[in-house]
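Position 1 is the first residue of the sequence, and the numbers go up from there.
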Amino acid sequence: MITGYGVSESVFHFYNIYGGSLKGKRVIIQGWGNVASTAAYYLAQRGATIVGIIDRVGGLINEAGFTLEEITNLFNNKNGNENILL
């Protein structure tokens with residue numbers, strides 16, 4: 001989980017340094033393994049809007065964005081690096 005946290009923090013700090021805000025940014029996550037799913041969780045906590053998740057067998061799209069609760073459930077119920085909903 002620490003690497004996914006580091007990825008999310010690097011994105012957060014990018015906006016702190018170069019201006020703007022992570023809040024409300026639309027994000028597509030590639031992969032759903034330990035790093036990507038954890039990054040999605042922490043990005044969603046910081047206010048990013050996760051609109052798509054792509055893994056090795058397909059993808060999920062929610063144009064309005066997944067809620068933090070939905071991201072948490074997807075994270076907790078993944079099968080290895082595969083999203084069980086696909």
Checklist entry - What's the verdict on side chain to side chain contact (heavy atoms under 4.5 Å, CB included) for V51 and V27, showing C-alpha distance, side-chain angles and the deciding distance? => result CA-CA 6 Å; V51 295; V27 177; 6.0 Å; no
Next on the checklist: For residues V11 and I71: do they belong to one hydrophobic cluster (side chain heavy atoms under 4.5 Å, members Ile, Leu, Val, Met, Phe, Trp, Tyr)?
Outcome noted: yes
Item to check | Pairwise distance CE(M1) to CZ(F75) - rounded to 0.5 angstrom | outcome: 4.0 Å
Checklist entry - Is W32 reachable from L60 through a run of I, L, V, M, F, W or Y residues, each pair having side-chain heavy atoms under 4.5 Å apart? => result yes
Checklist entry - Does R26 have any side chain to side chain donor-acceptor pair (under 3.5 Å) partners at least two apart in sequence or in another chain, and if so, which? => result none
Item to check | Worked verdict on I2 versus Y5 for side chain to side chain contact (heavy atoms under 4.5 Å, CB included) | outcome: CA-CA 5 Å; I2 193 66; Y5 175 76; 4.3 Å; yes
Checklist entry - Quick one: ring pair (Phe, Tyr, Trp, His ring centres under 6.0 Å) partners of Y15, sequence neighbours excluded? => result none
Item to check | With sequence neighbours excluded, residues passing salt bridge (charged side-chain N to carboxylate O under 4.0 Å, His left out) with E70 | outcome: none
Item to check | All pairs passing side-chain hydrogen bond (donor to acceptor under 3.5 Å, both in side chains) where residues 33-44 contributes a residue, at least two apart | outcome: N34-K78, S37-K78, Y41-Q45
Checklist entry - For F66, which residues count as a ring pair (Phe, Tyr, Trp, His ring centres under 6.0 Å) partner, sequence neighbours excluded? => result none
Checklist entry - If two hydrophobic side chains count as joined below 4.5 Å and joins carry through other members, does I53 share a cluster with L22? => result yes
Checklist entry - Which pair of non-hydrogen atoms, one from G31 and one from A36, has the smallest distance, and what is that distance? => result O-CB, 3.3 Å
Checklist entry - Mind checking what makes side chain to side chain donor-acceptor pair (under 3.5 Å) contact with T49, not counting sequence neighbours? => result none
Checklist entry - Are L68 and L74 in one and the same hydrophobic cluster, where Ile, Leu, Val, Met, Phe, Trp and Tyr link if side-chain heavy atoms are under 4.5 Å apart? => result yes
Checklist entry - In terms of heavy-atom contacts, does CD1 of I61 have more than 12 from other residues, nucleotides or ligands at under 6.0 Å? => result no
Next on the checklist: Could you walk me through whether E69 and T72 satisfy the side chain to side chain contact (heavy atoms under 4.5 Å, CB included) test, starting with their C-alpha distance in whole Å, then the side-chain angles of each, then the deciding distance to 0.1 Å, before giving a yes or no?
Outcome noted: CA-CA 5 Å; E69 182 179 349; T72 302; 5.6 Å; no
Item to check | Stepwise side chain to side chain contact (heavy atoms under 4.5 Å, CB included) test for R46 and E9 | outcome: CA-CA 9 Å; R46 293 273 192 156; E9 283 296 295; 2.7 Å; yes
